[in-house]
Visitor: 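Have a look at this one before I ask anything.
Starting from 1, each residue takes its place in the sequence as its number.
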Amino acid sequence: MKKIFLFLLFAGLAVTGLRAQSGFEGRIEFTIEVKGAEAEQMKAYMPTAYEYLISGTNMRMITIGGMAAAMMGDMVIQGEEGKVYMVKDDQKRAFIMPDTEDEEEEEDINIQVEKMNETLEIAGYTCQKYKVMVPAGKGSEDATQYMWTTTKLDVLQPSSVKAAEYNLFVKGLDGFPLKVVTTTNGMTLDMTVREIEKKSIPASKFEIPSDYEVTEFNPASLMGR
C-alpha cells in the first residue's frame, strides 16, 4: 500500500502550483496507463485519468477512477500562497501537505536532460521528445522519464512547490509536457494528454470551504482515519 501511495503521489504532484497571474487557464486531462511486474495487482488502485483545472497561480488535480480517487481525493494548489492541500469533499476535510521547501529536506538533485531527435503529435500540438534521468532520493530508486513537450501552451513553472520540479517542470526542458513516461521501482507510468480545453475556471475550485476541517497531512488520512 505504501508503494502504491508513493507512486500515485509522484505522479499526482507532477503538475502543482503556478508562478504568476497570467498564463494558461482551462482544463487539461491526462490518461493513465501502468505497466510492469506489479501492474496487474495495481489496476484496482490506479486511476484511469488525471484532470487539471488551472487558473493563474492556482491548480486543482482531480483523480479519476480506481481506489486512488477515494484514497487521495483532489489536490488543491494555491500558488500565490505556496500551499498544497489534499481535499476530501465527501468528508469535508482538507489536509495541508508538508512544506517542500524545508531546508532540512532539501537535496541537490542532479537531474540530467537530453534532447532527442524525435517529435510526436499530441492533442493537436507538435511535441519535442526529451530523456530525463532523476537520481535516487531518500527511499527511492533512480527514475527514467521520457517527456514530449510543446511551447504552444503557456503553463508556468511553480515557484514554491518543489516536488513539481522533479516531474513535469524540469530545468532544461523547453515547453510543457503533454506526455510523460516514467519508469521507477520496476513500474512504468504513462501519462498522455487526451484533451485540452481553454476556458474560465471559477475561483471557488481553488478555495477550501470554511466549514471544512483542516489538519496536517498524515498517510493514515488515505485510509479515512
Side-chain angles (χ1 to χ4, degrees), residues 1-21 23-32 42 44-102 105 155-169 189 191 193-195 197 199-225:
M1 181 65 71
K2 182 178 179 181
K3 180 183 290 188
I4 291 171
F5 167 66
L6 292 174
F7 195 58
L8 289 169
L9 193 59
F10 183 77
L13 289 181
V15 195
T16 51
L18 299 182
R19 177 165 50 83
Q21 289 293 343
F24 176 84
E25 181 174 14
R27 170 182 167 273
I28 301 178
E29 183 173 336
F30 285 82
T31 59
I32 306 297
M42 290 182 65
Y45 296 95
M46 291 299 297
T48 57
Y50 285 125
E51 180 181 62
Y52 296 93
L53 304 179
I54 304 169
S55 179
T57 61
N58 302 314
M59 180 174 289
R60 187 178 189 113
M61 185 197 80
I62 302 167
T63 303
I64 301 171
M67 293 179 64
M71 288 171 59
M72 299 190 68
D74 294 353
M75 301 296 292
V76 172
I77 296 91
Q78 298 173 345
E80 190 171 339
E81 293 80 9
K83 293 181 179 179
V84 182
Y85 296 88
M86 178 183 291
V87 180
K88 294 193 173 185
D89 290 318
D90 59 337
Q91 301 176 17
K92 289 192 172 184
R93 301 178 72 187
F95 305 92
I96 189 164
M97 304 301 288
D99 183 0
T100 56
E101 291 290 343
D102 189 331
E105 295 295 327
V155 179
L156 304 178
Q157 180 176 346
S159 60
S160 59
V161 185
K162 195 173 180 62
E165 297 176 12
Y166 306 145
N167 207 337
L168 293 191
F169 295 100
L189 174 71
M191 297 175 56
V193 165
R194 172 167 58 194
E195 186 176 6
E197 182 181 7
K199 66 177 184 178
S200 178
I201 305 295
S204 60
K205 292 292 184 181
F206 316 109
E207 298 169 354
I208 307 301
S210 58
D211 61 340
Y212 278 32
E213 178 187 1
V214 180
T215 58
E216 291 186 3
F217 173 76
N218 184 301
S221 308
L222 297 177
M223 307 308 295
R225 298 196 294 271

Visitor: With sequence neighbours excluded, what pairs up with E29 under the salt bridge (charged side-chain N to carboxylate O under 4.0 Å, His left out) test?
Guide: R27, R194
Visitor: If you define the side chain from C-beta out and look only at heavy atoms, does anything of T31 sit under 4.5 Å from T48?
Guide: no
Visitor: Got a sec, which pairs hit salt bridge (charged side-chain N to carboxylate O under 4.0 Å, His left out) with one end in residues 56-71, sequence neighbours left out?
Guide: R60-D74, R60-D89
Visitor: Quick check: do I54 and I201 have side-chain heavy atoms less than 4.5 Å from each other?
Guide: no
Visitor: Side-chain contact test, heavy atoms from C-beta onward, threshold under 4.5 Å: evaluate it for F95 versus K88 and give yes or no.
Guide: yes
Visitor: Do I32 and Y50 come within less than 4.5 Å of each other through their side chains, counting heavy atoms only?
Guide: yes
Visitor: For I96 and T215, what are the C-alpha separation, side-chain angles and deciding distance, and is it a side-chain contact (heavy atoms from CB on, under 4.5 Å)?
Guide: CA-CA 6 Å; I96 189 164; T215 58; over 6 Å; no
Visitor: Looking at every non-hydrogen atom in both residues, tell me the closest pair between R93 and Y212 and how far apart they are.
Guide: N-CD2, 3.8 Å
Visitor: Shortest non-hydrogen contact from S200 to P202?
Guide: O-CD, 4.0 Å
Visitor: Answer whether the closest heavy-atom distance between the side chains of Y45 and M71 falls below 4.5 Å.
Guide: yes
Visitor: Any side-chain heavy-atom pair from M46 and L189 closer than 4.5 angstrom?
Guide: yes
Visitor: If you measure from OG1 on T63 to CE on M86, what distance do you get to the nearest 0.5 Å?
Guide: 8.5 Å
Visitor: Among residues at least two apart in sequence or on other chains, which ones pass salt bridge (charged side-chain N to carboxylate O under 4.0 Å, His left out) with D90?
Guide: none
Visitor: According to side chain to side chain contact (heavy atoms under 4.5 Å, CB included), who are the partners of S210, at least two apart in sequence or on a separate chain?
Guide: none
Visitor: Among residues at least two apart in sequence or on other chains, which ones pass salt bridge (charged side-chain N to carboxylate O under 4.0 Å, His left out) with K92?
Guide: D211
Visitor: May I ask you to test the M97-M75 pair for a side-chain heavy-atom distance under 4.5 Å?
Guide: yes
Visitor: Take I64 and E51 through the side-chain contact (heavy atoms from CB on, under 4.5 Å) test and state the conclusion after the steps.
Guide: CA-CA 7 Å; I64 301 171; E51 180 181 62; 4.1 Å; yes
Visitor: Determine the minimum heavy-atom distance between E207 and A203, stating which atoms define it.
Guide: CG-O, 3.5 Å
Visitor: I want to check something: taking the side chain as every heavy atom from C-beta on, are N58 and I77 in contact at a cut-off of under 4.5 Å?
Guide: no
Visitor: Can you name the side chain to side chain contact (heavy atoms under 4.5 Å, CB included) partners of A94, sequence neighbours left out?
Guide: Y85, V87, I208, V214
Visitor: Main chain of F206, side chain of Q78: is a donor-acceptor contact present, judged purely on distance under 3.5 Å?
Guide: yes
